[in-house]
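Beneath this line is the structure, given in C-alpha cells, with notes to follow.
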Amino acid sequence: MTQWKRPLAGIVLAVAQLCGLGGAKATDISGAGATFPYPIYAKWAEAYRAKTGIGLNYQSIGSGGGIAQIKAKTVTFGASDKPLAPNELDPAGLTQFPTVIGGVVPVVNISGLKPGEMVLDGKTLADIFLGKVTKWNDPEIKKLNPSMNLPGQAIAIVHRSDGSGTSFIFTNYLSKKSADWAKQVGAATSVEWPTGIGAKGNEGVAGNVGQTGGSIGYVEYAYAKQNHLNYVRMINKDGAPVTPTAAAFQAAAASADWAHAKDFYVILTDQSGHDAWPIAGATFILVYKKPSDPGATREALKFFKWAYENGSPLAESLDYVPLPGTTIQEIQKSWHDNIEAPAVP
Amino acid sequence: MAETAAIATTTPPTPGSRLRDFRHTEAGFRIVALGASVLVVAIFAGILVSLAAGAWPAVSRFAFGFLTSTAWNPVTEHFGALPAIYGTLVTSALAMLVAVPVGIGIAIFLTELCPRALRRPVGIATELLAGIPSIIYGIWGAFIFAPFFQQYIQPKIIDALSGFPVFSDLFAGPPYGIGIFTASLVLSIMILPFISAVTRDVFETVPPMLKEAAYGLGCTTWEVTWNVVLPYARSGIVGGAMLALGRALGETMAVTFVIGNAHKIASSLFAPGTTISAAIANEFTEAEGDIYRSAMMETGLILFLITFVVLAAAQLMIRRLEAQSGGRTQ
C-alpha cells in the first residue's frame, strides 16, 4: 500500500502546482461576457499587448454569464450586450459604460427584390413579427411601398433561438413602436416569440432567411454587410427612410442623451435625428465601483482608454461602429466620479 | 496479463518475491477496478444532485405546473416544459418508428440475403453512419435536406393529405422545410446504424443448426427469419433499439439545426417545435436571471429522468423476454 501512496502524493503535488501556474498571470486583464463584441476585444487586446505587454484574458461566454461572473468577482470586468438598469447595478455596487455600437438590420427573401428596395416602419415590423400581417401584399406593407409589385406569398418569420443582445435591441425597438408588442411579448435577450422559427446565431438566421422564400429575419449589421444580405430600409422617428450604414448608427448614438442617463443606461433604439438608424444599441462593460483589487480594475480601464483613443480603425475594419467623441469624454468623466481605484485613467 | 508476464520474466526467480509481486499486482488491480466503478457511481450521483440543486428554485416556484404549462416567457419569467418534453418524445418516437423497421431490415439483409461479396461493404457503410459527427447531420439536414424537402416533397404531402380528417391536421402547412417531422427524419438516420449493427451481431449468434433445420423442413427465407431468427434475437433487438432511443432522446446539435426551435405545440408535424436538449443548447449561455437558468436546469433534470425511465424499462423488457424464451443467455 505504501507503494501506492508515493506516486499519488506526487500527482497531487503536480496538480496543485499546475493549478497555481494555470491561473491568470498577475499582469493580464481578465474579463468575461458577451459574444457579440468578442472579435473586436480580441483584436484590441492583440494590439494592446504588442504595445504594452499586458494581455487580455476574455472569455466570450455570453452576456448572462458575464453578469454572473462579475457578480461572483471571478473576473475584473463583465461584458453585456444589454445595459443593466441602475436599480440592478446599485445593489451590486457595479457601474457600466459602453464600448462600441452595433445595429440590427431586418433582412428579407422575396424573389426579384433588391437590397434596400423595401421600406418598413416599426409598427409594421411589429405586426409582421406578431403574426398579424401574414402576407407580403398586405395593405399595411403596400402603403409603405406603393410602387412595388408585392407577391401574395405567406411571410415566414425567422428569429434567434439563442438569447442574444441582437434580439434585445430588436424587441426593445418593437416594444417602443407597438403597444401590442410591449404588452404581449416585451423586450429581452430572449422572448416568447408569437410565431416563426428559431435559428441559432446570426448565421443561422441568415441561412434560414436565405433558403426560405418569403421570409424575414433580423441580423447584426456587420453580418448583413459582409454577406450582402437583402436588407430593409427603416423609417425612423423623424419619418425619414434610412439605409443601415455605419454613419446611420453613429447618428443614433450622437443624438442619444448620454450625459443625463444614469450609468449610461441608454438603449439606442428609436432615436431622433434625420439620419439615425432606429434599431441600434451599444455593448457594455461592467466593473465594480469599489473593486476588491483596484490595481486590476485600473489596468482594465487603461485598456479601454487606449481602445477609445486608438481602437477606432480596428473597430471599423470589423464593421463595429466606434462611439462618438463626446460620449467617450462622458465615459471617462464617469470613471473619475464613480470608480474608487488609484489613478483612474 | 502482459504486465505480470513481464514482471515474472524480469525479476529474479526467487519464489518469495514472485509471490509478493503477485499479491501487489492483485491489490493494485482491485483498487483500480473498485475506484473505476466507485467513480462512475459518484459522478452519476454528483450530476443528479447538482442538477436537482440547480433546478430547485424553478421546482419550488412552478411546482407541478412546470410539466403542464406551455409558456416559455423569459420576460415575465413564466416557464413550462411541456412543449420541450412533447418535442423530445415525439421526435424520438417518430425516429424509432422509421429506424427500427429499416434497421432490422438492413440486419436481415446482411445476415440472411446479402451475397457474400456485398456483405462487408454494406455493413461498413451503415456502421460509418454512426461515426459521422452530429453537427454534420445538422448542417446536412438544414442546408441540403430541408430546402429540398420544403420545395419538392412537403407541398405535395400537404396537398395530397388535405382531404383526410386526421392527416390534414398532422401534415398541415406552411412548408418551412424544418420542423418536428424533419428533425425526426434526421434523427432516424442518425440512430439507424446503432439498431442495424447491434441487430446484425445478434442475428449472427443464431445457431446455424436451428436455421438449417428449419430450411431442411422446407421453410422459406421469410419463414426462417420470422419464426427462427427474430424470436431468438428478440432481447438483443430490444437492447439495440433502446441504445438508439437513448441517443435520440438526448441528441442536441443536429436537432437544433432542423427543428425550428419554437416553444410551441402544434397539431401539425410540419410545424416548428423544440426538444429539451435543443432548448438548453440554444438558450443556456444567454439565460439571464436565476429562474430562467433554474428552469433550464429543471428541463435537464426531466430529460435525465426520461432517459433513466426509458433505460430501466428496456432492462425490464429484456429480462422478461429472456425469461419467456426459457432462460437463454442471448
Side-chain angles (χ1 to χ4, degrees), chain A residues 1-4 8 33-36 60-68 80-82 84 88 134 153-168 171 175 182 184-201 204 207-208 210-215, chain B residues 20 24-25 27-28 31-32 35 70-80 83 138-139 142-144 146-148 150-151 173-179 182 252-253 256-264 266 271-274 278-290 292-293 296:
Chain A
M1 284 303 284
T2 46
Q3 272 188 329
W4 284 90
L8 207 67
T35 47
F36 155 65
S60 60
I61 52 174
S63 298
I67 294 166
S80 172
D81 284 341
K82 174 186 165 183
L84 297 190
E88 196 179 344
T134 57
Q153 205 175 5
I155 302 177
I157 284 144
V158 184
H159 55 74
R160 288 285 287 269
S161 60
D162 47 337
S164 157
T166 310
S167 291
F168 171 72
T171 53
S175 296
Q184 280 180 42
V185 186
T189 50
S190 53
V191 297
E192 187 167 22
W193 296 96
T195 176
I197 55 176
K200 194 167 167 60
N208 274 299
Q211 67 188 33
T212 312
S215 60
Chain B
R20 216 176 302 131
H24 283 312
T25 350
I31 290 173
V32 171
T70 58
W72 190 265
N73 193 333
V75 182
T76 58
E77 299 201 319
H78 280 292
F79 296 104
I139 291 170
F143 294 107
I144 313 284
F148 171 79
Q150 177 195 20
Q151 218 174 342
Y176 277 120
I178 58 182
T182 308
T252 309
M253 264 350 273
T256 303
F257 269 82
V258 293
I259 199 164
N261 303 304
H263 284 274
K264 296 254 181 297
T274 191
I280 294 175
N282 270 308
E283 296 171 39
F284 200 82
T285 44
E286 293 277 352
E288 282 172 19
D290 295 338
Y292 193 1
R293 260 168 195 271
M296 305 242 68

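A, B, ... follow the sequence lines: proteins, then strands. Residue 1 opens every chain. Side-chain atoms are counted along with the backbone in the values below, which use heavy atoms only and exclude waters and symmetry mates.
- Without hydrogens or angle criteria, A:Asp162 side chain to B:Asn282 main chain gives no donor-acceptor distance under 3.5 Å.
- Only the side chain of A:Asn208 comes within less than 4.5 Å of a heavy atom in chain B; its backbone stays farther off.
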Original post:
Between B:Tyr292 and A:Ser190, is a side chain to side chain contact (heavy atoms under 4.5 Å, CB included) present by the stated rule, with each step listed?
Top reply: CA-CA 10 Å; B:Tyr292 193 1; A:Ser190 53; 2.9 Å; yes
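- Listed for the B:Lys264 side chain is a donor-acceptor partner under 3.5 Å among the backbone atoms of A:Trp193.
- For chain B, the nearby parts of A:Ser63 are the backbone and the side chain; heavy atoms of each come within less than 4.5 Å.
- The closest donor-acceptor contact from the side chain of A:Glu192 to the backbone of B:Trp72 lies under 3.5 Å.
- Separating the NZ atom in A:Lys200 from the CG atom in B:Asn261 is a distance of 9.0 Å, to the nearest 0.5 Å.
- With a threshold of 4.5 angstrom between heavy atoms, B:Ala142 approaches chain A through N, CA, C or O but not through any side-chain atom.
- Neither the backbone nor the side chain of B:Ala278 comes within contact range of chain A; no heavy atom of the residue lies under 4.5 Å from a heavy atom of that chain.
- A:Gly196 approaches B:Ala262 most closely through the heavy-atom pair O-CB, 3.8 Å.
- There is no contact between A:Val158 and chain B, counting heavy-atom distances below 4.5 Å.
- A:Thr212 has its side chain within reach of B:Gln150: a pair of non-hydrogen atoms, C-beta onward, lies under 4.5 Å apart.
- Heavy atoms of A:Ile61 lying under 4.5 Å from chain B belong exclusively to its backbone.
- Taking both residues in full, the closest heavy atoms of B:Tyr176 and A:Ala156 are given as CE2-CB, 3.6 Å, listed atom of the first, atom of the second, then distance.
- With a 4.5 Å cut-off on non-hydrogen atoms, B:Ile178 touches chain A through its side chain but not through its backbone.
- Looking at A:Ala154, there are no atoms closer than 4.5 Å to chain B (heavy atoms on both sides), in backbone or side chain.
- Closest approach of A:Val185 to B:Asn73, counting heavy atoms only: O-OD1, 4.5 Å.
- Shown here for B:Glu283 and A:Ser161, the closest heavy-atom pair between the two residues is CG-O, 3.4 Å.
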